[in-house]
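In what follows, a single structure is set out as structure tokens and then discussed.
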Number of protein chains: 2
Amino acid sequence: MLSTTEENYLKALLQLTFEQEDKAEAGTNELAAQLGVKPATANDMLKKLREKQLIHYEKYGKSSLTAEGKKRAVEVVRKHRLWETFLYEHLGFTWDEVHEVAEQLEHIQSPKLIDRLDQLLNYPSFDPHGDVIPTASGEMKIPAKKTLNEEQVGHQCKMVGVKDNSATFLQYVDKVGLRMNQPIKVLSRQPYDELIEIEVNGLKSSVSPRFAENIVIVCNDCEIRMKSI
Amino acid sequence: MLSTTEENYLKALLQLTFEQEDKAEAGTNELAAQLGVKPATANDMLKKLREKQLIHYEKYGKSSLTAEGKKRAVEVVRKHRLWETFLYEHLGFTWDEVHEVAEQLEHIQSPKLIDRLDQLLNYPSFDPHGDVIPTASGEMKIPAKKTLNEEQVGHQCKMVGVKDNSATFLQYVDKVGLRMNQPIKVLSRQPYDELIEIEVNGLKSSVSPRFAENIVIVCNDCEIRMKSI
DNA sequence: TACAAATGTTAGACTAATCTAACAAAAATA
DNA sequence: TATTTTTGTTAGATTAGTCTAACATTTGTA
Ligand SMILES: [Mn+2]
Ligand SMILES: [Mn+2]
Ligand SMILES: [Mn+2]
Ligand SMILES: [Mn+2]
């Protein structure tokens, strides 16, 4: 069985090599920074994890997870996100409070506990931050990201990011009622001027294609790709 | 902040000096046995906990908790039993499965989490084993123990133990449908032969005073004593 | 290509928690 | 009371995880 520390290293490596972008490798300093330890410390752990066949690592080289290491790391991420969802949905935590506690809960060892939690939460696909929760078999449903401008009429989606960070844009976003991970319905599209009518939390607005181009969304009604990791 | 290990030592000391019987002191070997470590190990920790003013300890003497130590230990017990209740009532664990997982969960640091869990469970007084859950302020509601024979007609109670351990007695207990911590209603008492009519889980039975004298119960409808620790 | 900067490694030290083996004190008993 | 048994302590070693300081390698740039 892995220690809490070992689990944290595997998770950090997963986040650096798989989730943040598809680099597949991470440097020692980078990993140390992610975990808030000194490079010397991370270096020791890298050797230990290589011994256990959980990572690929060679002196002066970058590191990456083995199949087994990836599996373990994904399990930790799954637990983390299920706990975040539980704290948010059943205990009334706010989305910014859940992470810190989940950081502890993710290391509780009990497969049954996680299965039951998953069931209680009705097998959620996303955590309160909108991040994908891996399934029990280690797969991740990756929803296709696109801009609001590309979304089909009638579909429901949610904002996961913006492309413009200017104050005027963000204030406009706010005025329209858009918030991260809040459902957006695309009601119609005017053939004449291409204005898009959306509904957010009961509030209807019309936005321009230029505005919609800068809102990154994931579509709830679209096909999802299963990323097996 | 206390480490998991320190918390476990305080909890063990509480159990030895307060819960098991009112001895108020425990020896080093006894404590070591309770925790599954060697006396030498416990000895080191006793010195450390004395430094932190959490226990009273003198070389070759018995140990006991200070007020602060007791407070910390009770918090751990509270968390343990709230988690057990959660696992039992919300995740369908059986009463014998909950302890092991609660042993891990009791060390999660988040006052808000425990408050909310308490609220979700509707401020329970007892865990699935029938043990008292300390309140947020560190008090324990101690229900008066008596025998079923002493219980008033009309009251509800639950079995918490037996005085006779013979096979014939236990088989009879089983036949009547009695189980640990299951609600028992005392329906009536025949004036003629003193037979007591009870109802357990919908099943009505009549039992003799001799039988009832050997069933230890706590009364749900009786006054409780607040044990401040 | 040579040097400087960035990145990574090693050696040695520290703390927490554990152990074994030897020793010391207290308690029980003959 | 003297001896044995039980109980408790100390010293020294071990493992995991961390650090600092010195050193080595690789990478980027002048
Ligand atoms: Mn998180
Ligand atoms: Mn963690
Ligand atoms: Mn328990
Ligand atoms: Mn514990």
Side-chain angles (χ1 to χ4, degrees), chain A residues 1-13 16-17 20-21 23-65 69 72-73 76 103-104 106-109, chain B residues 1-13 16-17 20-21 23-65 69 72-73 76 103-104 106-109:
Chain A
M1 224 189 42
L2 298 178
S3 69
T4 290
T5 308
E6 289 170 324
E7 288 193 339
N8 282 338
Y9 276 84
L10 292 180
K11 191 181 71 159
L13 201 45
L16 289 174
T17 60
Q20 286 188 5
E21 48 198 294
K23 260 197 314 173
E25 285 188 324
T28 304
N29 287 9
E30 196 184 358
L31 180 63
Q34 173 88 0
L35 287 158
V37 298
K38 299 290 163 183
T41 308
N43 188 265
D44 281 349
M45 184 57 83
L46 288 174
K47 292 185 207 162
K48 188 174 156 194
L49 293 173
R50 178 184 48 191
E51 269 328 286
K52 295 196 173 186
Q53 315 222 37
L54 296 167
I55 66 167
H56 301 293
Y57 161 72
E58 274 174 286
K59 206 166 151 176
Y60 292 109
K62 307 276 184 188
S63 307
S64 62
L65 294 163
R72 303 298 197 92
V76 178
E103 208 54 53
Q104 298 177 60
E106 71 189 2
H107 304 291
I108 301 292
Q109 303 292 338
Chain B
M1 223 187 46
L2 298 178
S3 70
T4 290
T5 308
E6 289 169 325
E7 287 193 339
N8 283 337
Y9 276 84
L10 292 180
K11 191 182 71 161
L13 201 45
L16 289 174
T17 61
Q20 285 187 7
E21 47 199 297
K23 259 197 317 172
E25 286 187 325
T28 304
N29 287 11
E30 195 184 357
L31 180 64
Q34 173 88 359
L35 287 159
V37 298
K38 299 291 164 182
T41 308
N43 188 266
D44 281 350
M45 184 58 84
L46 288 175
K47 291 184 206 163
K48 188 174 155 193
L49 292 173
R50 178 183 47 189
E51 269 328 287
K52 295 195 174 188
Q53 315 222 32
L54 295 167
I55 66 166
H56 301 293
Y57 161 72
E58 273 173 288
K59 207 167 150 174
Y60 292 109
K62 308 276 183 187
S63 307
S64 62
L65 294 163
R72 305 297 198 91
V76 177
E103 209 54 54
Q104 298 177 60
E106 71 189 2
H107 303 292
I108 301 292
Q109 302 292 337

>> By the salt bridge (Lys or Arg N to Asp or Glu O under 4.0 Å) test, which pairs, at least two apart or in different chains, include something from residues 51-61 of chain B?
In response: B:E6-B:K52
>> If I take atom CG in residue B:L2 and atom C1' in nucleotide C:dT15, what distance separates them, rounded to the nearest angstrom?
In response: 16 Å
> Does B:Q109 have any side chain to side chain contact (heavy atoms under 4.5 Å, CB included) partners at least two apart in sequence or in another chain, and if so, which?
Replying inline: A:Q104, B:M1, B:E7, B:K79
>> Whole angstroms only, please: what is the CE-P distance between B:M45 and C:dC19?
In response: 11 Å
>> How many whole angstroms separate atom CD of B:E51 from atom P of C:dA16?
In response: 12 Å
> In whole angstroms, how far is the P atom of C:dA5 from the CG atom of A:N29?
Replying inline: 17 Å
>> Using whole Å, what does the distance between atom P of nucleotide D:dT10 and atom CG of B:L46 come to?
In response: 11 Å
> Rounded to whole angstrom units, what separation is found between the NZ atom of B:K52 and the C1' atom of C:dT15?
Replying inline: 12 Å
> In chain order, what residues pass the side chain to side chain contact (heavy atoms under 4.5 Å, CB included) check against B:A12, with sequence neighbours excluded?
Replying inline: B:L31, B:Q34, B:L35
> So do A:L2 and A:V76 actually touch side chain to side chain, heavy atoms under 4.5 Å?
Replying inline: no
> Taking only N and O in the side chain of B:T28, is any of them less than 4.0 Å away from OP1 or OP2 of D:dT9?
Replying inline: yes
>> Students often get this wrong, so: under 4.0 angstrom with heavy atoms, is A:T41 touching a base, only sugar-phosphate, or nothing?
In response: base
> Do A:R72 and A:L65 have side chains that get closer than 4.5 Å, going by heavy atoms?
Replying inline: no
> Taking only residues two or more places apart in sequence or in another chain, which ones pass side chain to side chain contact (heavy atoms under 4.5 Å, CB included) with A:K38?
Replying inline: A:T41
>> Expressed as a whole number of angstroms, how long is the span from A:L35:CG to D:dA16:P?
In response: 18 Å
> Where the side chain of B:N43 is concerned, which of C:dT20, D:dG8, C:dT9 is the nearest nucleotide?
Replying inline: D:dG8
> If you check the A:K38 side chain, which of C:dT9, C:dT18, D:dT20 turns out closest?
Replying inline: D:dT20
> Quick one: CG on A:D44 to CG on A:L49, what's the gap to the nearest 0.5 Å?
Replying inline: 11.0 Å
>> Run the side chain to side chain contact (heavy atoms under 4.5 Å, CB included) test against A:A32 and tell me which residues pass, sequence neighbours left out.
In response: A:V37, A:P39, A:A42
Collect all protein-nucleotide pairs involving nucleotides 11-13 of chain D in which both atoms are nitrogen or oxygen and the distance is under 3.5 Å.
none

> Taking only side-chain nitrogens and oxygens of B:Y9, does any of them come within less than 4.0 Å of OP1 or OP2 of C:dT18?
Replying inline: yes
> Between A:M1 (CE) and D:dA16 (P), how many Å, whole number?
Replying inline: 14 Å
> When you check the phosphate oxygens OP1 and OP2 of D:dT10, does a side-chain N or O of B:K47 lie under 4.0 Å from one of them?
Replying inline: yes
> Taking protein heavy atoms under 4.0 Å as touching, what does nucleotides 23-29 of chain C look like 5' to 3' if B marks base contact, S marks sugar-phosphate-only contact and - marks none?
Replying inline: -BS----
>> Contact between B:T5 and B:Y9 at the side-chain level, heavy atoms closer than 4.5 Å - yes or no?
In response: yes
